[in-house]
There are 2 protein chains.
Amino acid sequence: MSDNKILLIFTSKGTEMFSKACEYGIKAAIVVAQESLNGQRTSLKDITREINSPEAFTAKILQLLVRSRIIYSVKGPHGGFEIPKNQIDEVKLSEIVDAIDGDAIYKGCGLGLSECSASQPCPVHDKFVKVRDELKLMLENTSLYELAVGLEVGLTFLNR
Amino acid sequence: MSDNKILLIFTSKGTEMFSKACEYGIKAAIVVAQESLNGQRTSLKDITREINSPEAFTAKILQLLVRSRIIYSVKGPHGGFEIPKNQIDEVKLSEIVDAIDGDAIYKGCGLGLSECSASQPCPVHDKFVKVRDELKLMLENTSLYELAVGLEVGLTFLNR
DNA sequence: TAAATAAAGGACAAAAATATCCGAAATCAT
DNA sequence: ATGATTTCGGATATTTTTGTCCTTTATTTA
Ligand code: FES
Ligand code: FES
């Protein structure tokens with residue numbers, strides 16, 4: 001053991017690509033999309049059971065998506081969250097990420113400079129832009145529909 | 001204004017790819033590399049002036065890099081941080097990120113599942129792995145040397 | 001209309017990341 | 001040896017993120 005006191009200050013389990021809030025938001029949206037494709041609304045409880053997330057916290061994130069008109073909510077018995085069927089294919093991952101984490105991850109400078117600029121690039125700019133742009137493209141081209149279908153068919157998992 | 005009380009809870013200026021600690025670490029390492037190529041040591045003060053970062057916090061991060069033997073330190077007058085010239089080309093960005101943020105960003109599941117698995121993939125797995133692997137490759141193939149040279153030549157900036 | 005249900009919203013709590021302060025230890029120059 | 005300099009290390013403070021609790025509001029059903 002010995003010197004793990006100071007190290008603890010920096011013992012992060014590992015910084016991830018998206019915030020927890022965003023991870024929950026994406027997962028929740030996929031569940032809502034999947035149920036919506038089946039013509040069903042999904043309640044907060046159902047969602048948190050499916051994605052194994054803290055209820056009240058997830059509620060806040062869902063509200064964020066509702067405010068961004070990415071999903072829609074209905075109160076009262078048999079209420080819950082839904083997405084109009086014809087809209088599910090139009091909702092891109094980028095909109096969800098943007099609503100929760102902002103666009104810095106796929107638009108901002110990799111070293112945190114005020115803005116990414118090709119004329120005044122940071123040292124990693126050239127190399128970073130390539131992967132960042134591919135991330136951007138991926139997020140903008142991936143629809144909730146395809147993610148929901150994979151889940152419905154049993155090919156993918158939300159909970160492990 | 002009206003409803004910005006609740007919204008404030010979620011007003012992040014935008015989640016970035018790397019943590020602040022990691023951004024400082026990368027920038028600091030580049031400065032140290034650049035000076036080392038000139039046969040000079042760099043003091044903490046010089047570093048924080050170059051990259052415009054909080055001094056004491058940056059010191060902690062530098063210590064982390066020292067412990068990982070990515071950079072070396074010398075105490076006392078004319079002390080500071082340095083990297084042996086012949087090592088500068090061998091230090092890859094991935095080692096720095098790994099030492100500070102861990103490897104989750106270029107190895108972990110995009111939706112935060114316990115581990116990324118192709119046999120039990122999360123809904124974004126297929127699409128995410130592509131960009132994550134490119135990020136991994138980029139980090140593993142980018143050396144401190146090339147980043148430092150770009151800075152030396154005046155092509156890149158650390159401070160804007 | 002009343003009761004039950006589910007989301008919305010506010011206040012608060014805990015944990016993690018970011019940041020500051022100060023003294024100790026090492027090193028160098030005189 | 002002494003004093004100046006600079007990193008190292010511990011304690012603490014601030015801010016942001018994550019998470020909980022409980023009340024209010026809207027909606028449905030009986
Ligand atoms: S300036 Fe840093 S990524 Fe473009
Ligand atoms: S399982 Fe989620 S990215 Fe591989």
Side-chain angles (χ1 to χ4, degrees), chain A residues 2-16 18-25 28 32 35 40-49 51-68 71-82 100-102 104 112, chain B residues 2-16 18-25 28 32 40-49 51-67 71-82 100-102 104 112:
Chain A
S2 69
D3 63 350
N4 50 4
K5 197 91 165 276
I6 285 292
L7 284 176
L8 262 181
I9 300 176
F10 283 104
T11 288
S12 57
K13 3 75 205 162
T15 302
E16 291 171 15
F18 306 111
S19 69
K20 275 294 165 203
C22 197
E23 287 177 4
Y24 297 151
V32 173
E35 291 301 314
Q40 303 283 319
R41 266 178 211 145
T42 324
S43 73
L44 173 62
K45 272 197 175 117
D46 289 344
I47 293 171
T48 57
R49 183 166 20 76
I51 74 178
N52 188 35
S53 67
E55 198 167 304
F57 188 51
T58 306
K60 307 286 188 197
I61 298 155
L62 285 166
Q63 285 168 41
L64 223 44
L65 296 181
V66 169
R67 284 155 187 262
S68 304
I71 67 179
Y72 299 83
S73 67
V74 178
K75 290 181 182 177
H78 298 102
F81 300 90
E82 65 187 358
I100 301 171
D101 273 356
Chain B
S2 65
D3 63 349
N4 50 3
K5 196 88 163 277
I6 285 294
L7 284 175
L8 263 181
I9 300 176
F10 283 104
T11 288
S12 59
K13 4 72 203 165
T15 302
E16 292 171 15
F18 307 110
S19 70
K20 275 294 165 202
C22 197
E23 287 176 5
Y24 298 152
V32 174
Q40 302 283 319
R41 264 177 215 143
T42 324
S43 72
L44 173 62
K45 272 196 175 118
D46 288 344
I47 292 171
T48 57
R49 184 166 18 76
I51 75 179
N52 187 33
S53 67
E55 199 168 302
F57 189 53
T58 306
K60 305 286 190 199
I61 298 155
L62 285 166
Q63 286 169 42
L64 222 44
L65 296 181
V66 169
R67 283 155 186 263
I71 67 180
Y72 298 84
S73 67
V74 178
K75 291 179 181 178
H78 299 100
F81 300 90
E82 65 187 358
I100 301 171
D101 273 356

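Since the model is a prediction, treat every value here as computed from it, not as a measurement. Because only heavy atoms are used, hydrogens play no part in the values below, and waters and symmetry mates are left out as well, while side chains stay in.
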Please round to the nearest 0.5 Å and tell me the distance separating atom CZ of Phe18(A) and atom CD1 of Ile100(A). 10.5 Å
Report the nucleotide, chosen from dG9(C), dG9(D), dC8(D), that has the shortest atom-to-atom distance to any side-chain atom of Lys60(A). dG9(C)
Among dT29(D), dA8(C), dT27(C), which is the nearest nucleotide to the side chain of Pro77(B)? dT27(C)
What one should report as the nearest heavy-atom pair of Gly112(A) and Glu16(B) is CA-OE1, 3.7 Å
Nearest to the side chain of Phe81(A) - dT18(D), dT6(D), dA7(C)? dA7(C)
May I ask you to say what Tyr72(B) touches in the nucleic acid, namely base, sugar-phosphate or nothing, with a heavy-atom cut-off under 4.0 Å? nothing
With a 4.0 Å cutoff (strictly under), does any side-chain N or O of Ser73(B) reach OP1 or OP2 of dT6(D)? no
Among dT20(D), dT20(C), dC8(D), the one nearest Ala56(B) by side-chain distance: dT20(C)
So if I apply the side chain to side chain contact (heavy atoms under 4.5 Å, CB included) rule between Leu44(B) and each of Thr42(B), Asp46(B), Thr48(B), which one comes out positive? Thr48(B)
Does a side-chain N or O from Tyr24(B) land closer than 4.0 Å to OP1 or OP2 of dA19(C), or not? yes
Closest approach to the side chain of Lys75(A), judged atom by atom: which nucleotide of dT27(D), dA19(C), dC28(C) is it? dT27(D)
Counting the atoms with a prime plus P, OP1 and OP2 as sugar-phosphate, which does Leu62(B) contact under 4.0 Å by heavy atoms, base, sugar-phosphate, or nothing? nothing
Between dT18(D), dA8(C), dA7(C), which one does the side chain of Lys20(A) approach most closely? dT18(D)
Considering only heavy side-chain atoms of Phe57(A), the closest of dC8(D), dG19(D), dC28(C) is dG19(D)
Report the distance from atom CZ of Arg41(A) to atom C1' of dT28(D), rounded to the nearest whole Å. 10 Å
Examine dA7(C): is either OP1 or OP2 under 4.0 Å from a nitrogen or oxygen in the side chain of Arg67(A)? Give yes or no. no
Nearest-neighbour nucleotide for the Pro54(B) side chain, dC28(C), dA19(C), dC8(D) considered: dA19(C)
